[in-house]
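When reading the values below, keep in mind they use all heavy atoms of this one structure, side chains included, and skip hydrogens, waters and symmetry mates. Numbered from 1 within each chain, the chains take letters A, B, ... in sequence-line order.
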Amino acid sequence: MSETPKSGGNDYEAQLAKSSVAVAEFDHAPRGLIGTVQHVLHANPTFVPVIVLVASIAVFGVIAGERFFSPFNLSLIMQQVSIIGILAAAQTLIILTAGIDLSVAAIMVLMSVISGKLAVQFGVPAPLAILVSFAGGIAAGYLNGWLVTKIKLPPFIATLGTWNVFFALNLWLSGAQSIRGADIDTTAPLLKFFGNTIQIGDARLTYGTLLMIAIFVALWYVLNKTAWGRHVYMIGDDKEAAELAGIRTDRTLRQVYMLAGFICALAAWASIGRVGSISPQSFYEGNLESITAVVIGGISLFGGRGSIMGALFGALIVGVFQSGLRLAGVDVLWQVFAIGWLIIIAVAIDQWIRKVSA
Amino acid sequence: MSETPKSGGNDYEAQLAKSSVAVAEFDHAPRGLIGTVQHVLHANPTFVPVIVLVASIAVFGVIAGERFFSPFNLSLIMQQVSIIGILAAAQTLIILTAGIDLSVAAIMVLMSVISGKLAVQFGVPAPLAILVSFAGGIAAGYLNGWLVTKIKLPPFIATLGTWNVFFALNLWLSGAQSIRGADIDTTAPLLKFFGNTIQIGDARLTYGTLLMIAIFVALWYVLNKTAWGRHVYMIGDDKEAAELAGIRTDRTLRQVYMLAGFICALAAWASIGRVGSISPQSFYEGNLESITAVVIGGISLFGGRGSIMGALFGALIVGVFQSGLRLAGVDVLWQVFAIGWLIIIAVAIDQWIRKVSA
Amino acid sequence: QSADGVTACLITKTDTNPFFVKMREGATEAAEAAGITLQTYAGAIDGDVESQVAAVETCIAAGASGILITPSDSRALEPVITQARDAGLLVIALDTPFEPADTADATFATDNFEAGRLIGAWAAATMGDAAADARIATLDLNPSQVSVDYLRNQGFMTGFGIEVNDPTRIGDEDDARIVGHDVTNGSAEGGRTAMENLLQVDSGINLVYTINEPAAAGAYEALSAFGLADQALIVSVDGGCPGVRDVAAGVIGATAMQFPLRMASLGIEAIIAHATDGTMPANTEGLDFYNTGVMLVTDQPVDGVESITSAEALELCWG
Amino acid sequence: MTEPLLKARGLVKRYGRVTALDHADFDLMPGEILAVIGDNGAGKSSLIKAISGAVAPDEGTITLEGREVSYSSPLQAREAGIECVYQTLALSPALSITDNMFCGRELRKPGIMGRWFGMLDQKAMEKFAREKLSELGLMTIQNINQAVETLSGGQRQGVAVARAAAFGSKVIILDEPTAALGVKESRKVLDLIRDVRSRGTPVVLISHNMPHVFEVADRIHIHRLGRRLCVVDPKSISMSDAVALMTGAMRPDEVAAA
Amino acid sequence: MTEPLLKARGLVKRYGRVTALDHADFDLMPGEILAVIGDNGAGKSSLIKAISGAVAPDEGTITLEGREVSYSSPLQAREAGIECVYQTLALSPALSITDNMFCGRELRKPGIMGRWFGMLDQKAMEKFAREKLSELGLMTIQNINQAVETLSGGQRQGVAVARAAAFGSKVIILDEPTAALGVKESRKVLDLIRDVRSRGTPVVLISHNMPHVFEVADRIHIHRLGRRLCVVDPKSISMSDAVALMTGAMRPDEVAAA
Ligand SMILES: Nc1ncnc2c1ncn2[C@@H]1O[C@H](COP(=O)(O)OP(=O)(O)OP(=O)(O)O)[C@@H](O)[C@H]1O
Ligand SMILES: Nc1ncnc2c1ncn2[C@@H]1O[C@H](COP(=O)(O)OP(=O)(O)OP(=O)(O)O)[C@@H](O)[C@H]1O
Ligand SMILES: [Mg+2]
Ligand SMILES: [Mg+2]
């Protein structure tokens with residue numbers, strides 16, 4: 001060997017001073033139209049559910065005819081998904097932390113019963129009744145968060161347990177009796193606030209729809225533009241790493257559950273406006289529907305990945321399917337069948353677009 | 001510096017030849033009784049659900065009195081959990097691969113309807129009808145596996161979709177009509193085979209219970225003692241690593257789904273014996289109940305961790321709670337409430353024991 | 001005006017219950033015969049209000065002339081129903097009346113309370129003196145206490161001669177003859193487990209009320225497994241063909257039959273009539289609904305309760 | 001003799017049948033670079049995890065600046081001024097380089113957007129992150145918003161080291177910071193370590209690279225079989241003797257005799 | 001001139017905005033030890049992932065023993081005889097050392113239990129695993145059934161290397177096999193590499209440790225900015241020139257001139 005280094009090992013590092021200091025850059029082959037589309041989709045995966053949504057609207061526009069396409073019907077779909085949409089926003093928060101919340105719908109129904117009982121039957125002023133339901137939603141979320149962080153229960157189990165608990169409380173408080181719309185109108189019309197509508201041409205937007213959109217926009221801001229939001233993603237991505245990197249993971253997690261509980265209480269208020277009355281038996285399938293919306297929206301059940309806007313589009317996709325199938329006059333049996341396939345196909349398209357553009 | 005190495009860096013390695021070659025060992029401080037128990041539990045996490053099970057049997061023995069403790073009642077609980085137990089076995093397979101199967105109960109009900117329709121209404125020989133249902137179960141599992149591995153759908157979405165599909169098919173085939181037990185008895189008693197019982201003293205074990213136990217033992221063997229079983233764990237633990245390490249992950253995954261489908265078909269057969277008739281509306285909550293059993297049994301929803309026996313004990317724990325509450329005369333509403341808390345407490349005890357012994 | 005271009009909607013509680021499946025079949029046949037379009041909807045489970053609200057809205061959007069609905073919640077749907085009527089649709093409640101009943105334009109219903117009362121009265125008469133120390137189990141629908149559930153249950157209690165206290169609550173009776181209540185989700189599997197549970201509480205149960213016939217079949221399986229099949233009398237409601245055959249086989253002592261096909265076809269006719277010339281359907285005299293009838297089916301008729309035999313019932317049953 | 005800044009005595013950590021720390025001691029003097037060397041699995045990472053609050057030891061005491069402490073989370077240690085690069089790096093794979101660098105110490109926009117709405121100053125953070133990476137010579141990172149999971153092994157390690165270095169504090173602990181780094185990048189890390197010391201902050205360096213250790217360390221803690229075997233002075237011991245000690249080829253008394 | 005055993009031409013791999021491979025070439029001769037060196041993020045791991053079927057390149061061809069191949073999964077490459085230790089190790093964290101070592105190649109019990117019931121021979125596998133680890137000098141592993149996630153960083157790497165070495169085949173590719181290993185363990189790995197070559201199997205070694213590279217390599221492939229910059233002979237180039245080349249301080253033509 002002619003030139004082996006002579007001492008303590010590091011002689012060969014002498015040359016380092018001269019090493020290149022430019023950040024690496026590469027020419028990119030020009031992309032065609034499809035290439036550009038793929039690239040945009042890859043960089044913005046939220047567009048994928050948007051495309052699925054637009055595609056399904058188009059398909060049902062053809063199948064179900066112009067009725068489907070009317071501003072009236074489209075705004076009706078918005079109305080119809082508004083409650084599940086709000087629940088999906090709460091669900092997204094939990095799922096982003098790698099959790100799952102089976103109790104969202106139960107919290108919502110319980111809170112609507114509480115505010116209704118108080119305002120309509122015990123004569124508590126409506127604003128106060130609503131505040132109590134907000135506090136209740138936050139407390140319910142805190143219970144979930146406490147079970148998850150202090151008792152270290154898997155979120156699935158913790159919320160499965162509290163789901164049963166909230167459901168039983170709800171039946172007990174309400175005596176399984178619904179509160180009539182007419183009674184609400186006379187004693188506490190504020191409870192129905194979110195049922196009011198704005199008429200724009202043929203389209204009728206309820207305040208509930210606007211609330212849903214506002215919640216999504218606010219959460220989008222919080223999750224993407226504030227430190228707290230980034231921490232939520234970090235915790236979902238790798239809780240241990242986040243802890244080691246100095247995030248107060250347990251505190252943040254509890255805040256997430258409390259925020260989700262608060263959103264459920266908002267959903268409770270909106271649901272009174274939507275249904276027009278308070279029924280303790282409604283939204284039994286709301287948990288599953290909210291999870292479905294979240295997953296169709298491209299948010300990973302394993303946490304830390306996906307944009308909250310996906311959940312909004314996910315909820316809309318399901319709403320469009322349901323409305324379109326009904327308007328097309330499909331028999332109820334085959335509606336179920338078709339929804340099954342459409343869930344599969346919607347997400348398959350999503351996967352396919354992601355794969356092509358990877 | 002007196003002794004810096006002289007050349008190519010590695011002189012200081014000369015001493016390595018003399019380095020110690022004993023495997024590291026340490027004295028262990030003697031453990032007390034509790035210490036030993038903790039150690040055993042840590043080494044055998046499956047014992048934890050066993051302890052929860054024994055504890056809850058003891059508690060209900062006190063609360064609900066000797067009736068609860070009778071061999072008769074305990075064997076009745078085994079009967080009552082047998083179907084959910086078998087579904088939980090199938091569910092465990094899927095969950096171990098980091099999936100989740102929302103369609104298990106739907107596959108089961110569909111297969112029981114198919115075999116019943118064929119044997120009772122179309123006069124197909126019972127063994128053939130059962131074979132057809134087996135094939136159907138495997139095909140349904142294959143569909144799920146295909147969606148997961150080829151179309152790359154998240155298992156939650158794939159099985160949510162197929163759940164709807166199977167559910168609709170079931171209603172379509174059966175017209176929501178049940179097939180009467182008496183008709184089965186006259187045309188195809190073989191369908192009720194698993195309803196037969198063995199009497200041992202006061203205890204009455206149905207063949208269905210024995211089937212459940214046999215399935216768990218067989219799966220325990222396969223998962224722990226064969227290469228295929230280890231691969232299932234590896235895939236659930238880290239699919240990418242398993243792929244890189246040379247496991248045919250997709251093929252194995254499809255096999256897992258097919259095996260789960262086959263077990264659902266077995267559950268279908270057993271359910272005819274258990275229910276005595278074929279009712280397309282049965283087991284609507286079976287998916288959630290099977291998942292609950294799996295998670296209470298300490299199997300991680302994130303895959304790769306936990307023993308299948310845990311699912312058996314998980315199912316039994318739920319069965320014990322339900323029976324105990326009933327015997328203690330608790331109102332249905334408060335049963336739901338109590339089950340909620342008991343799920344939480346059962347898993348909290350599990351977590352606590354694991355933590356203490358860590 | 002002809003019936004062409006008329007669209008009707010049928011909204012049932014669920015699509016799993018054979019009762020509603022039959023109702024749908026009846027409506028579909030009637031609609032096809034009359035040449036009108038029928039759209040069908042169903043909730044996911046009994047009590048699912050939100051799906052029904054959405055369904056009513058879609059019907060309005062689809063420009064339907066009328067809605068046939070079995071309300072999942074007899075009170076909660078009032079606002080959306082009013083909205084539909086304001087939009088000019090004829091709304092007819094099937095099977096389950098609204099509260100108040102005039103929420104809808106008309107109600108074509110079985111009297112669920114009456115159905116329960118019939119089987120209760122039959123059981124009391126059949127047991128005779130033994131009724132004084134009957135051991136009663138009731139196998140109900142689910143913990144939510146929806147209206148069919150409490151109407152049938154409380155009807156049964158009334159018919160049997162038990163003080164019901166609050167007629168909208170199951171389980172608030174203090175009669176010592178009642179062993180307990182459990183829920184079945186209306187399925188055979190639920191019926192069997194619930195029966196087993198209650199037999200564990202008291203193995204002397206000799207009268208079993210069940211919410212429907214699948215639950216009754218399950219209860220029978222449990223009783224036979226305990227070797228007590230002959231000890232207990234099972235009564236049920238519905239009148240599906242398998243249930244009627246179970247009456248014939250002695251599995252069920254008596255069941256109260258309803259007529260979903262008739263309800264549905266009457267409903268379709270009413271919608272067509274309204275769409276063509278504005279006729280409003282009328283109620284049965286003395287009632288705030290049009291009674292489509294309940295009939296007790298049993299092979300052991302008793303005095304004072306009118307009934308038909310299972311053989312006759314097999315001609316009328318709906319599945 | 002000055003008091004150690006950070007002192008541990010008799011640390012024990014057992015995992016079921018495995019003993020990771022077996023009555024280990026540890027001393028870090030103010031302003032020094034202390035290297036910790038030892039075989040794979042000797043317990044080096046376990047030692048620093050115990051010191052930095054990432055795991056709770058079964059027995060033993062830890063003293064920081066004369067006060068006995070017991071951390072229940074790494075955050076408390078961090079607030080006490082102990083900054084740590086773990087061997088497992090503690091990065092969130094799906095998040096961007098910037099997000100990871102600023103984890104828990106994000107910069108807000110100036111003005112009301114930042115103060116009232118907590119809006120992050122993405123631009124400033126990106127600029128800062130890019131600078132820190134360039135200081136470490138990581139010029140191959142093309143996109144500062146790349147997810148960490150898409151980085152090469154060495155780039156990832158570079159991000160973790162840059163994070164610890166950027167938020168200097170009372171003690172910096174580096175667990176094999178150069179394992180996956182290239183020649184140039186490793187050199188930069190060594191320069192950085194010396195830089196940190198020259199600002200008066202002590203550094204704990206765990207490394208398997210003997211030339212590096214002997215180049216920068218003021219003292220060397222040799223760890224073997226879960227405990228501190230001895231502490232040596234790199235100026236008075238040869239590399240071969242250090243290696244002999246850590247692999248069990250020699251006992252500490254033999255070195256003294258030699 | 002002999003034909004290369006494994007040859008790649010013009011490999012390109014882009015990840016969105018990031019270019020990992022930019023028309024890279026590669027040649028491996030029969031029976032040689034080829035070292036691949038380069039900056040962090042130069043694309044070394046991407047190169048061997050493309051060659052071993054773990055990622056599909058966007059462009060370019062791969063030739064094994066004169067036949068053009070295109071793998072759709074690492075399994076196919078493995079069946080063709082390419083054994084690989086990835087930088088990320090590809091171990092299942094929750095499973096035991098033994099399970100990981102035998103992943104996909106489990107031993108069955110002799111007799112009918114093994115043949116008919118597929119029962120694994122746990123004892124034999126444990127014994128074999130323990131032997132292989134001891135051959136690498138990993139004496140600190142106390143429990144052979146420990147889950148891999150509970151191992152120290154170096155122990156983990158040792159398990160991955162032992163796995164590749166134990167199932168020798170046509171080509172062995174090691175991506176920074178000694179990064180987390182101690183002095184003793186690294187030495188064993190180098191011995192092992194030479195051992196493998198002496199059995200006629202060629203080895204690809206990616207490493208940032210220049211002394212190691214120059215000690216064992218027959219040829220050195222220098223990778224820079226996603227492509228092969230040049231291939232040099234360690235006997236005729238100095239370490240400093242090699243480092244200068246890979247960091248961009250020198251261009252290949254300058255070396256020739258020197
Ligand atoms: N969570 C755990 N469970 C069980 N054993 C563990 C755990 N963590 C560490 N160990 C064991 O403790 C011992 C010490 O590990 P540690 O990570 O401290 O070693 P190290 O000195 O850092 O090694 P390296 O140089 O390879 O990083 C090892 O034998 C390891 O297997
Ligand atoms: N999945 C991916 N997505 C995006 N970029 C990637 C991905 N994988 C690798 N890269 C980028 O490709 C480039 C080459 O990475 P590679 O892992 O091949 O480097 P390397 O030479 O092995 O570096 P090291 O020595 O640090 O291991 C890096 O800039 C890296 O950020
Ligand atoms: Mg370490
Ligand atoms: Mg690499």
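No part of C:Asn185 comes within reach of chain B, as not one of its non-hydrogen atoms sits under 4.5 angstrom from that chain. Using a 4.5 Å cut-off between heavy atoms, B:Arg180 touches chain C through its side chain atoms alone. Contacts between C:Val21 and chain B at a heavy-atom distance below 4.5 Å involve the side chain alone, from C-beta outward. Proximity to chain C (any heavy atom under 4.5 Å) is shown, for B:Phe68, by neither the backbone nor the side chain. B:Ser279 touches chain C through its side chain: at least one heavy atom from C-beta onward sits under 4.5 Å away, while N, CA, C and O do not. No part of C:Ala194 comes within reach of chain B, as not one of its non-hydrogen atoms sits under 4.5 angstrom from that chain. Looking at C:Asp140, neither its backbone nor its side chain comes within 4.5 Å of chain B, counting heavy atoms on both sides. At a 4.5 Å heavy-atom cutoff, B:Glu285 makes no contact with chain C through either its backbone or its side chain. Within the 4.5 angstrom heavy-atom criterion, only side-chain atoms of C:Glu221, from C-beta onward, approach chain B.
Within a 6.0 Å radius of CD in C:Glu163, other residues, nucleotides and ligands contribute 12 heavy atoms or fewer.
The minimum heavy-atom distance between B:Leu171 and C:Asp15, with the atom names listed, is CD1-O, 3.3 Å. Nearest heavy-atom pair, C:Asn197 versus B:Arg326, reported as atom, atom and distance to 0.1 Å: CB-CG, 3.1 Å. For the residue pair B:Val332 and C:Val183, the shortest heavy atom distance occurs at CG1-CG1, 3.7 Å.
Formation of a donor-acceptor pair under 3.5 Å by the C:Arg192 side chain with backbone atoms of B:Arg274 is found in this model. The backbone N or O of C:Ala225 lies less than 3.5 Å from a partner atom in the side chain of B:Arg204, making a donor-acceptor pair.
Separation of atoms CD (B:Gln80) and CD (C:Glu196) is listed at 4.5 Å; rounding is to 0.5 Å. Interatomic distance, CG of B:Leu333 versus CD of C:Gln145, reported as 8.0 Å (0.5 Å rounding). Put simply, CD on C:Gln200 and CG on B:Asn73 are 4.0 Å apart, with the number rounded to the nearest 0.5 Å.
Ranked by heavy-atom pairs under 4.5 Å with chain B, the first of C:Gly180, C:Pro18, C:Ala188, C:Gly171 is C:Pro18. Contact tally against chain C (heavy-atom pairs below 4.5 Å) for B:Gly276, B:Ala176, B:Ser178: the top residue is B:Ala176. Contacts with chain B were tallied for C:Phe226, C:Tyr220, C:Phe19; C:Phe226 has the most, counting heavy-atom pairs under 4.5 Å.
Using a 4.5 Å heavy-atom threshold, the side chains of C:Pro242 and B:Gln177 count as touching. Side-chain contact check for C:Thr14 versus B:Tyr284: every heavy-atom pair is 4.5 Å or farther apart.
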